Novice: 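Pasting a structure below so you can have a look.
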Amino acid sequence: QVETYWRSPGDKDFKDEKRQLLEFSRLPSVGEYIHMEERDSAWLKVEAVLHIAYESPAIARIYCVACDEVETLQDILGLYE
């Protein structure tokens with residue numbers, strides 16, 4: 001399990017109410033994207049990964065920023081209108 005924190009692009013900090021314990025097949029890396037269907041802005045970009053070295057239900061914390069799906073795909077795929 002991974003503690004996942006996220007913020008909106010304009011926010012400067014990660015609030016505890018924007019936190020969820022998630023299961024991944026592998027730990028996401030900085031720069032990768034996560035899709036969370038239940039969220040309004042369902043795409044999150046990983047900005048930081050903190051490995052947890054003490055006993056915890058989570059193996060790491062990841063800090064993400066919400067991003068627009070269409071803009072992100074255009075950037076990743078080099079698509080422009």
Side-chain angles (χ1 to χ4, degrees):
Q1 291 186 324
V2 177
E3 286 182 16
T4 306
Y5 293 81
W6 64 88
R7 64 177 179 84
S8 298
D11 291 345
K12 299 294 181 198
D13 62 352
F14 294 90
K15 298 175 176 70
D16 282 339
E17 65 267 14
K18 292 183 178 179
R19 178 176 65 94
Q20 193 169 353
L21 204 56
L22 299 174
E23 294 276 348
F24 292 96
S25 57
R26 66 170 183 77
L27 187 61
S29 298
V30 172
E32 290 187 322
Y33 295 89
I34 298 168
H35 182 241
M36 297 175 58
E37 288 186 82
E38 67 274 3
R39 295 206 356 87
D40 292 337
S41 177
W43 284 46
L44 302 173
K45 184 175 183 177
V46 179
E47 293 187 316
V49 178
L50 175 68
H51 296 267
I52 297 175
Y54 54 86
E55 193 159 331
S56 169
I59 62 166
R61 287 182 186 161
I62 58 173
Y63 296 88
C64 307
V65 63
C67 53
D68 180 83
E69 176 182 354
V70 174
E71 289 176 11
T72 301
L73 281 174
Q74 287 175 340
D75 186 44
I76 292 171
L77 302 174
L79 304 174
Y80 302 99
E81 291 182 22

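As the structure is a computational prediction, the values presented were derived from the model and not from experiment.
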Novice: With sequence neighbours left out, what residues match Val49 under side chain to side chain contact (heavy atoms under 4.5 Å, CB included)?
Specialist: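 Scan of Val49 (side chain to side chain contact (heavy atoms under 4.5 Å, CB included), adjacent residues dropped) gives Leu27, Val30, Val46, His51, Ile62.
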Novice: Closest heavy-atom contact between Pro9 and Ala66?
Specialist: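 Shortest heavy-atom contact: CG-O, 3.3 Å.
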Novice: For residues 47-61, which residue pairs qualify under salt bridge (Lys or Arg N to Asp or Glu O under 4.0 Å), counting only residues two or more places apart or in two chains?
Specialist: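 Qualifying pairs, neighbours excluded: Glu3-Arg61, Arg7-Glu47.
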Novice: If you link I, L, V, M, F, W and Y whenever their side-chain heavy atoms are under 4.5 Å apart, who else ends up in the same group as Ile52?
Specialist: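 Tyr54, all in the cluster of Ile52.
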Novice: Is there any salt bridge (Lys or Arg N to Asp or Glu O under 4.0 Å) pair reaching into residues 27-36, and which pairs are they, with sequence neighbours excluded?
Specialist: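 Every pair satisfying salt bridge (Lys or Arg N to Asp or Glu O under 4.0 Å) with a residue in residues 27-36: Arg26-Glu32.
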Novice: Among Leu44, Thr72, Leu73, whose side chain to side chain contact (heavy atoms under 4.5 Å, CB included) with Tyr33 holds?
Specialist: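 The single option meeting the side chain to side chain contact (heavy atoms under 4.5 Å, CB included) with Tyr33 is Thr72.
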Novice: By side chain to side chain contact (heavy atoms under 4.5 Å, CB included), which residues pair with Ser8, not counting sequence neighbours?
Specialist: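 Side chain to side chain contact (heavy atoms under 4.5 Å, CB included) list for Ser8, sorted by chain: Asp11, Lys18.
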Novice: Taking the side chain as everything from C-beta on, heavy atoms only, tell me whether Gln20 gets closer than 4.5 Å to Trp6.
Specialist: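 SC-SC contact between Gln20 and Trp6 confirmed.
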Novice: Should Thr4 and Tyr63 count as side-chain neighbours, where that means a heavy-atom distance under 4.5 Å?
Specialist: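 No; the side chains remain at least 4.5 Å from each other.
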Novice: Counting C-beta onward and ignoring hydrogens, is there a side-chain heavy-atom pair between Cys64 and Tyr5 closer than 4.5 Å?
Specialist: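 Not touching, per the 4.5 Å side-chain cut-off.
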Novice: Run through the side-chain heavy atoms of Ile, Leu, Val, Met, Phe, Trp and Tyr, join any pair under 4.5 Å, and report what else lands in Leu21's cluster.
Specialist: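 Taking Ile, Leu, Val, Met, Phe, Trp and Tyr as members, Leu21 stands alone, with no cluster partners.
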Novice: List for me each residue that meets side chain to side chain contact (heavy atoms under 4.5 Å, CB included) alongside Pro57, sequence neighbours excluded, and say none if there are none.
Specialist: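 Result, side chain to side chain contact (heavy atoms under 4.5 Å, CB included) vs Pro57: Gln1.
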Novice: Distance check, rounded to the nearest 0.5 Å: Lys45 atom NZ versus Ile76 atom CD1?
Specialist: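 Here the rounded value is 8.0 Å.
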Novice: Tell me every residue that passes side chain to side chain contact (heavy atoms under 4.5 Å, CB included) with Ile59, counting only those two or more places apart in sequence or in another chain.
Specialist: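 Scan of Ile59 (side chain to side chain contact (heavy atoms under 4.5 Å, CB included), adjacent residues dropped) gives Val2.
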